[in-house]
Amino acid sequence: MTDTTTGPLVIRSPQDAIAAVPYLLGFHPADSLVAVGFDGPHSTCALRLDLPAHRVSCERTADVLSRNGFRRALVLGYGPADAVAPAVADVWEELTGKGLEVVEALRVADGRWWSLTCVDSRCCPPEGRPYDITASAVAAQAVLAGHVALPGREHLARSVAPLEGAVRAAMREATDRAERRLLAWAREGLSPARIRSRMVEEGVALLTDLSSRERPPDEDDVAWLGVLLTSMRVRDEAWVRIDEAAPGADIEFWRHVLRRVEEPYVPAPACLLAFAAFIAGDGGLANVALDRAARADPDYTMAALLRDIIAAGVPPSKARLGMTPEDLARAYADPDDPDP
């Protein structure tokens, strides 16, 4: 598994790096190799690999940082020395081979860190040096900026997991009502083209209505939105409405929807959450949302597109659509189509 995240945090020391990584990823890594690129045209970029890290993954990591113009890197290995050392050696060789300067390599475990480049026991004792993330100015900066650091990646995955219990029971009933509502259009004798057109009409109206509310959508709203989002046009309408300058509200909205929709309707809200998270620089959240999309539909094309963009290390600033609903309407207009 690879997680790619960008952020504006300034790293000036090993302690800063250790404090920054959980906020860059959105969780505290374990059994991981993290390469942090900086000193380039874009903000800090952190890429995480599971340990053991295969050589091809290390090569891909170096390629991403190089292609995005980063000139220097920090490498941090989280785990036991016998697992960290070979991975650090591999990624170090790949990074320097791509022209990046590796300014430091650290091993982090059990509340301590070890430099893998320093042999002076006066500053880098063999028992390691303790660290306290909570006392770091970088951590304070991250918290003030709204970043969170969950205990682990599994906690991040749980933040987008389906809600169960009474909520799930209510959503099953609401989804049944939404599906019957759609099927009623066919029983009315509407043509497939007219049904598609009506889905767009209702989808645009619902998205407009929900964006103006101060409260989260209820079960019936979520269920009906999930059904309407099976229309690519409605999904794209939701996509272009994400506030790319300040996507925080969109992240919470689409997380709310994703956790409630029934499994067949997961891919679209999962991808919309992933895009909003990625634009916000939260690659960890984007990846766990895409994991949910892939489990629901391995062939969902928007998920594959976003996964490729994130894996390539494309900066969020370059992935913005910069498109309005009016632009979308013109893009979908086909003068040769008869009025449905």
Side-chain angles (χ1 to χ4, degrees), residues 1-7 22-27 29 32 34-35 45-50 53 56-57 60-61 63-64 68 147-150 152-163 222 225-226 229-232 234-244 247-321:
M1 175 63 68
T2 302
D3 293 301
T4 306
T5 306
T6 60
Y23 292 98
L24 286 170
L25 296 176
F27 58 92
S32 300
V34 179
C45 177
L47 291 89
R48 187 197 70 87
L49 305 174
D50 289 328
V56 66
S57 299
R60 189 180 302 118
T61 295
D63 186 57
V64 167
N68 283 283
H147 298 291
V148 297
L150 296 175
R153 195 176 191 276
E154 66 278 8
H155 291 77
L156 190 62
R158 284 202 289 270
S159 77
V160 301
L163 295 173
V222 169
L225 181 59
L229 285 169
T230 60
S231 159
M232 186 179 298
V234 176
R235 184 210 61 195
D236 289 351
E237 189 77 34
W239 193 354
V240 302
R241 287 168 182 254
I242 290 174
D243 186 345
E244 295 177 336
D250 293 295
I251 290 172
E252 293 313 308
F253 177 86
W254 290 112
R255 194 201 304 263
H256 177 93
V257 173
L258 172 59
R259 301 196 72 186
R260 286 162 174 78
V261 292
E262 290 288 273
E263 194 67 10
Y265 303 105
V266 158
C271 288
L272 293 165
L273 171 59
F275 180 75
F278 175 62
I279 290 298
D282 193 341
L285 177 57
N287 271 321
V288 294
L290 290 176
D291 289 346
R292 282 216 61 196
R295 286 194 296 270
D297 182 355
D299 299 319
Y300 198 68
T301 54
M302 183 178 175
L305 172 64
L306 292 176
R307 188 78 83 182
D308 287 345
I309 289 172
I310 293 171
V314 175
S317 59
K318 289 188 175 181
R320 294 179 176 180
L321 296 177

Q: If you compare all heavy atoms of I279 against all heavy atoms of E244, which two are closest, and at what distance to 0.1 Å?
A: CG2-O, 3.3 Å

Q: If you compare all heavy atoms of V314 against all heavy atoms of F278, which two are closest, and at what distance to 0.1 Å?
A: O-CZ, 3.0 Å

Q: Quick one: does R259's side chain have a donor or acceptor within less than 3.5 Å of a partner on A161's backbone?
A: yes

Q: Kindly compute the distance separating CE (M302) from CG (D297), expressed to the nearest 0.5 Å.
A: 13.0 Å

Q: I need the minimum non-hydrogen distance between Y265 and G226, along with the two atoms involved.
A: CD2-O, 3.4 Å

Q: Roughly how far, to the nearest 0.5 Å, is CG of L258 from CZ of F253?
A: 11.5 Å

Q: Any Lys/Arg nitrogen of D291 or R153 sitting under 4.0 Å from an Asp/Glu carboxylate oxygen of the other?
A: yes

Q: Does L273 reach the side chain of R292, with side-chain heavy atoms less than 4.5 Å apart?
A: no

Q: Among L25, V34, V64, L24, find the residue that satisfies the side-chain contact (heavy atoms from CB on, under 4.5 Å) test when tested with L47.
A: V64

Q: Between C271 and L290, is a side-chain contact (heavy atoms from CB on, under 4.5 Å) present by the stated rule, with each step listed?
A: CA-CA 6 Å; C271 288; L290 290 176; 4.2 Å; yes

Q: I'd like to check R255 versus S159 (side-chain heavy atoms, cut-off strictly below 4.5 Å). Are they in contact?
A: yes

Q: Rounded to the nearest 0.5 Å, how far does CD1 of I242 lie from CG of L321?
A: 8.0 Å

Q: Can you name the nearest heavy-atom pair linking A293 to A303, along with the distance?
A: CB-CB, 4.1 Å

Q: Report the distance from atom CG of L306 to atom OH of Y300, rounding to the nearest 0.5 Å.
A: 10.0 Å

Q: Counting C-beta onward and ignoring hydrogens, is there a side-chain heavy-atom pair between R60 and L49 closer than 4.5 Å?
A: no

Q: Looking at D243 and R241, is any side-chain nitrogen of the basic one under 4.0 Å from a carboxylate oxygen of the acidic one?
A: no

Q: Between L229 and L272, is the side-chain contact (heavy atoms from CB on, under 4.5 Å) condition met? List the steps.
A: CA-CA 10 Å; L229 285 169; L272 293 165; 4.2 Å; yes

Q: Any idea which heavy atoms bring A277 and A286 closest together, and the distance?
A: CB-N, 3.8 Å

Q: Minimum heavy-atom separation for R235 to A268, with atom names?
A: CG-CB, 3.9 Å

Q: List the steps and the verdict of salt bridge (charged side-chain N to carboxylate O under 4.0 Å, His left out) for R48 and D50.
A: CA-CA 7 Å; R48 187 197 70 87; D50 289 328; 2.7 Å; yes

